[in-house]
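Dropping the structure in here first, questions after.
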Amino acid sequence: MTHEEEEEMQHDISKLRDQVQQVSLAQKIIDSKMKDVEAKMDGLKKGVQAKMDGTEAKMEMDDMDDMMEELKINMSKLLQEMVTNGERVVKETHDENKKNVNHDSIDSNVGSKTHHSPKIDMRKFDGKDPATWIL
């Protein structure tokens, strides 16, 4: 081998070392980025799982709300059917004694218009008569 060939070979080896170093450095960067991406993916996975759990819980609550609304509707229908079928929610009583008592209490509260209270003698008060001051 000649000196020029040796130099050319050393130069090629140097180029190859640089390329290997660049590939190695690029591989390290890729590995680092992959770890970051994997960490982000894990975080996203946990976030998605948490959202799914929250969504399931919300869906369960929505189902409960729907079931409560359906129960209200069915209760209204039941009450309407009871009233329209002749069954009364509030029963009326037809007791003659109660009617009389009610009319008596109404009459006593209203009072009769024929009663008169006696007329009271009211003196004019001008401040001069001492008897008005006392009475």
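In this chain, numbering begins with 1 at the start of the sequence shown. Computed from a prediction, not measured in an experiment: that's the story for all the values here.
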Inset, instruction - Indicate yes or no for a side-chain donor-acceptor contact from S24 to the backbone of V20 under 3.5 Å, with no hydrogens or angles considered. - result: no
Interatomic distance, CE@M34 vs CE@M41, rounded to 0.5 Å, equals 9.5 Å
Anything under 3.5 Å between a donor and an acceptor, one on a side chain of residues 69-76, the other on a protein residue two or more places apart or in another chain? List them.
unit_1: N74; atom_1: ND2; unit_2: E70; atom_2: O; d: 3.3
unit_1: S76; atom_1: OG; unit_2: K72; atom_2: O; d: 2.8

### Task
Scan M52, K51, K45 and name whichever one has a side-chain contact (heavy atoms from CB on, under 4.5 Å) with V48.
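Of the listed options, the one satisfying the test is M52.
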* **Rounded distance [0.5 Å steps], CG in L44 versus CD in Q49** =>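 Going from the CG atom of L44 to the CD atom of Q49 covers 13.0 Å.
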**Message:** As an exercise, state the distance from CD1 of I29 to CD of Q22, rounded to the nearest 0.5 Å.
**Reply:**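 So the gap between those two atoms works out to 10.5 Å.
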Value for CD (E60) from CD (E56), rounded to nearest 0.5 Å, stands at 7.0 Å
Exercise. Measure the spacing between CG of D18 and NZ of K15 and express it to the nearest 0.5 Å.
Key: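 One gets 10.0 Å once the value is rounded to the nearest 0.5 Å.
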Atom CD of Q19 and atom CG of D12: how far apart are they, to the nearest 0.5 Å?
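One finds 9.5 Å between CD of Q19 and CG of D12.
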Less than 3.5 Å apart, any donor N or O on the side chain of E7 or H3 sitting next to an acceptor on the other?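 On atom types as modelled, these side chains qualify, holding a pair under 3.5 Å.
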_Worked check of side chain to side chain contact (heavy atoms under 4.5 Å, CB included) between D31 and Q27_ = CA-CA 6 Å; D31 287 344; Q27 185 65 36; 3.2 Å; yes
